[in-house]
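All remarks here apply to the structure that follows.
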Amino acid sequence: MDSKKSPLAENWLFSRPKLSHLRFVLGFSLLLLVFFICNLSTSTTFLSRRIKRPEDASSVISKCRQLKLHAGPPPHFHHRQQSDRFEEGSRPVLIRNAKIWTGRKNGTYVLNGDILLDKGIIKRIGHFHSATLQSYGSHLMVMDAKGSWVTPGIVDIHSHLGDGSAPELTGADDTNSFKGTIQPWLRSLDGLNTHDYSYPLSVAGGVTTALILPGSANAIGGQAFVIKLRETKEKSPSSMLLEPPYHINNSFPNPNLPPRWRHMKHACGENPSDVYKDTRMDTIWEFRKAYNTAKQIKDKQDEYCARALSNDWKDLGEFPNALQWEALVDVLRGRVKVNVHCYEAVDLDGLVRLSNEFSFPIAAFHHASEAYLVPDLLKKAYGKPPAIALFATNARYKREAYRASEFAPRILAQQGLTVLMKSDHSVLNSRYLLYEAQQAHFYGFPENLAIASVTSNSADVMGMGHRIGYVKEGYDADLVIWDSHPMALGATPVQVFIDGIAQLESPFTVSKPDTFQRSPKVPNFDEEARKAVTYEGLPPLLPQKRPLDSTIVFRNVKSVYKVEEGLMRQTQLGQANALGTVVARNGRIVCYGEAESCLVSATKDGSVFVIDLDGGSISPGLVSFGSPLGLEHINQEPSTNDGNVIDPLRHTVPDVLGGGSAMIRAVDGLQYASRDALLAYRAGVTVGVTAPARKGFYGGLGTSFSFSAEHKLEQGAIVQEITAVHVSVRHFSNPSVSTQIAALRRLLLGPSEGEAGVWFDKIKTGQMPLVVEAHSADIIATLIILKQQVEAETRQKLRFTITGASEAHLLAKELGENDIGIILNPPRPFPYVWEDRRILPGPPLSNNSAIIELVHNNVVVGIGCEEIWSARNLPFDVAWAAIESGARLSREQALAIGSVNLQKLLGVDIDETRMDLVATRGGDLLSFESRVVAVLSPRQQVVDLFEGEH
Ligand SMILES: *[C@@H]1O[C@H](CO)[C@@H](O)[C@H](O)[C@H]1NC(C)=O
Ligand SMILES: *[C@@H]1O[C@H](CO)[C@@H](O)[C@H](O)[C@H]1NC(C)=O
Ligand SMILES: *[C@@H]1O[C@H](CO)[C@@H](O)[C@H](O)[C@H]1NC(C)=O
């Protein structure tokens, strides 16, 4: 402080006023007061003699006061007796005997009791005597949960449901605007289609609320809205909204209420750069320009309001505003939940800087595949550290996602950051959002946080934690009753309530073993998680192959699965207290059975390596098919991919290839040791079958290869050079389906010409299968007729497989009768496009899954992997198929649909003595409690061990 005092300070602060002065001041004040009172009646103030107080002054003042209010629920919100979303006429519900995951105490507080729902809210939780409920009379619907788990409805923090509708139609994609990279004025609400097929499907997975974000093609894509997924009586998009900002329909019930939370989408990195040919530098500059504009408006507003609130109206003019920027100005006022699509450290850094430059908080970074590598950076964001919204295992599809890790949720949580799991529906089908949390848990994300990541924590990050995401009195009556513990694979709703209204009309349930009612004891991946960080997301994955001559003894083995005569068979090795022993040498099982007899054979060898499987098993490796795995490293990067074949129905095939009858071989394009292949291998998926990548009708010759080889020349790297001929008959816009069928008919019945002729001769004689990708039941029916025609003409049986096959269940009987095999891909269906729309959804919406429907009709069924990253999840998919069937699909059958059936259907010779064998600890390959610890490969003459690598 300067030691010199200002004259003013001298006078007023440090000198004592003289008495005469005081008298004068008092007298003058009295005079003023009289003058003031006299003028009150005429409603003009003392000052307004000179400056006129504007007509709308009171509304301006109210508006200015409003600007200072924090967003959130009004005080006493929890005293409400009825939800604003209550539908007149919906009945009160009593759920008895529930095991309630409340969301309280960090997601650890579980309560056994009853839940009373009325007027759209949770009225009471506890144990009720009949007397308490008497007032409800017979109006009360009573449901006995019989001890089932009940959670809050699933809350999806990142969805495009309704904006990018299913089935996808060209006129109806409303996720992205391409009119500029900065568009805070757009609203996802304006594109919300109420007829998206996804609503009932996602509700059937327990999803009750979703934040509908605009897409990521723009740096600022627009405003997002929270919806509940149930159909409303009014049937309008607006009536689906949860606490929309009052101004969207100009209804301000009370100007003194705090404003409701608003939501906005931002995106950085590759997506916005791609559309506008911007670099990352351009995108950040666009952000800064936009925020600077918003800041200038905000500053003007603040100056304006400072004057208005001190009654200084002189030349004040209009309240400064701009319709286009008002939402971004509200971001600067801290009243908008900003959700940012942002993957890499470079992008996260840019947005953290932006948040500090302009002082606005970020609610969550989405995708954020490198967040776990830069926790300290995240903590530097303005205000609170953002939450991180992730996929569990969907990764590596572009550079931005290449370093993503399945261990990110646990690592981020350890850093004290909030982790959410999200669907990005329909990137992932939000029906299975809980599965994302289950996978995260499988890889070490604590159970309480995993459940919270799709309920309480996502609700809190959305600014809706005062009414959804918890099971608490006074909260919205959004609940799911589950048929198992929510972290058990395949957990399926028995009933779903939204605003107290049951959503499933006559749900189908399957019976599950009691063990599914407790949380799974997931494996230990501490070492892998540590390495993910050490290697910045790229830990070495190539297995350390053990030399040929080592002998491995597996102790405490519960069962051995083997393929015999083309069928999967299981041998149980003893009981829980006396499990069996398996001895393997040179990658082959040489003995299995009781411990003593097998150990004798092992001890003859010099070096013996002992592995305790702790009740695990040994089973054939699974087979991946359906994605370009083996031909791609990074899906969206052409320089890492084999590329597409030339479709002779659309383009001229050069003479150098032999023209239109050229047959391309996938084996020629194989790329080994991609991270997706190695991760699949470590999960027990040891072999890939892949067809040449295509965008049209014509594929080429498939191949089968090993996931563990480093290159093609390694022993056993190629499992089978040529497997089958692959084509697609689909509703591509061009050429027509009938043209594609005509081409196929000519290839099968016409003159045998060129290279295609050679291979189609093998198909006509049944030496090789024809594998056709087809989805629509109409196309499948046409293919059945074509097969019959060809067989009538050639008098030979065709080997015929249909893949994709979303509508195959409609023809299950005919497919069985005509001996056509089916590879369902995806294994759990979704109505992506028109030709997929008639799916069989499975429980709780239908009794049978498509798999069961087909198996019951004697169809040989396999399941596919949709994308290259999802091959690693095949064991989960196979297990899920078995779980979803009740007990209608045995463990052996389930393993077969992921292995030997695929080989049969895809033309891979089955040599039972040369199949890879996978050893799992803590359960078999279908268990959600086991992990793969070794792969034995007789073909490659090696044993790979996945533990103790340093
Ligand atoms: C919440 O749970 C996680 C994991 O179980 C734990 O690490 C964390 O410390 C807990 N937080 C609080 C505030 O109790
Ligand atoms: C405006 O929206 C609110 C929901 O926030 C709703 O309750 C109200 O009925 C709507 N008013 C009109 C006129 O549509
Ligand atoms: C579901 O299918 C099973 C076996 O196919 C059958 O036993 C059961 O009755 C069916 N349940 C219903 C509700 O239709």
Side-chain angles (χ1 to χ4, degrees), residues 71 73-74 77 80 82-88 101-110 120 187 189 225-228 232-254 257-263 375 385 387 409-420 437 440-441 443-453 455-457 460 464 467 476 483 487 492 494 499 504-511 519 522 529 809 812 840-858 884-890 893:
F77 176 82
R80 66 186 177 149
Q82 175 169 331
S83 169
D84 50 355
R85 294 183 45 86
F86 174 62
E87 290 262 13
E88 247 0 285
W101 186 91
T102 61
R104 295 162 65 176
K105 298 192 180 160
N106 197 19
T108 61
Y109 186 57
V110 174
R187 295 169 166 179
L189 173 62
F225 287 82
V226 179
I227 63 165
K228 288 215 194 175
T232 62
K233 265 189 190 155
E234 189 180 301
K235 296 187 190 295
S236 65
S238 291
S239 64
M240 299 178 79
L241 297 174
L242 180 63
E243 290 197 2
Y246 297 118
H247 64 256
I248 67 154
N249 65 5
N250 212 24
S251 66
F252 295 93
N254 173 351
L257 288 181
R260 287 168 162 180
W261 280 110
R262 304 178 72 180
H263 306 268
R410 59 178 280 170
I411 296 166
L412 287 161
Q414 268 163 11
Q415 289 285 340
L417 293 155
T418 301
V419 178
L420 311 177
H441 178 47
Y443 292 111
F445 188 35
E447 175 189 322
N448 55 325
L449 301 182
I451 304 176
S453 75
T455 54
S456 51
N457 283 347
D460 285 340
M464 294 292 155
R467 63 182 294 170
D476 286 19
D483 68 352
M487 286 296 100
T492 301
V494 170
D499 302 320
L504 301 174
E505 216 166 283
S506 35
F508 296 92
T509 52
V510 297
S511 65
S519 70
V522 294
H809 62 95
L840 188 61
L845 296 175
S846 66
N847 191 16
N848 288 348
S849 64
I851 294 173
I852 286 296
E853 189 76 20
L854 292 162
V855 168
H856 278 182
N857 284 281
N858 303 315
E884 196 173 51
S885 78
R888 288 176 273 166
L889 201 67
S890 67
Q893 280 176 305

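Every number for a ligand or one of its atoms is a count from 1 in the order of the listing. Just so we're clear, the structure is a prediction, and the values are computed from it rather than from any experiment.
For Ser239, the side chain to side chain donor-acceptor pair (under 3.5 Å) partners are Thr232, Ser236, not counting sequence neighbours. With sequence neighbours left out, Ser519 forms a side chain to side chain donor-acceptor pair (under 3.5 Å) with Glu447. Contacts of Glu243 classified as side chain to side chain donor-acceptor pair (under 3.5 Å), with partners at least two apart in sequence or in another chain: His466, Arg467.
Contacts of Arg85 with ligand 2, taken as heavy-atom pairs under 4.0 Å, are absent altogether.
For ligand 2, the atoms closer than 4.0 angstrom to any heavy atom of Arg260 are 5 (O). Within the listing of ligand 2, atoms 1 (C) sit less than 4.0 angstrom from a heavy atom of Ser251.
Residue contacts with ligand 3: Asn848 is placed with no nitrogen or oxygen under 3.5 Å of a nitrogen or oxygen of the ligand (distance criterion only).
Within the 3.5 Å criterion, the main-chain N or O of Gly107 finds a donor-acceptor partner in the side chain of Trp101.
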Once you restrict both partners to nitrogen or oxygen, which atoms of ligand 1 have a protein partner under 3.5 Å, and how far apart are they?
| from | atom 1 | to | atom 2 | distance (Å) |
| --- | --- | --- | --- | --- |
| ligand 1 | 2 (O) | Asn106 | ND2 | 2.4 |
| ligand 1 | 2 (O) | Asn448 | ND2 | 2.9 |
| ligand 1 | 5 (O) | Asn448 | OD1 | 3.0 |
| ligand 1 | 5 (O) | Asn448 | ND2 | 3.2 |
| ligand 1 | 11 (N) | Asn106 | ND2 | 2.7 |
| ligand 1 | 14 (O) | Asn106 | ND2 | 3.2 |

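Counting heavy atoms from C-beta on, the side chains of Asn847 and Val510 never come closer than 4.5 Å.
One finds no salt bridge joining Arg85 and Asp476 here, because no Lys/Arg side-chain nitrogen approaches an Asp/Glu carboxylate oxygen to under 4.0 Å.
Remark: the Thr108 side chain and the Asn106 side chain contain no N/O donor-acceptor pair separated by less than 3.5 Å.
Counting non-hydrogen atoms of neighbouring residues, nucleotides and ligands closer than 6.0 angstrom, the NZ atom of Lys233 exceeds 12 such neighbours.
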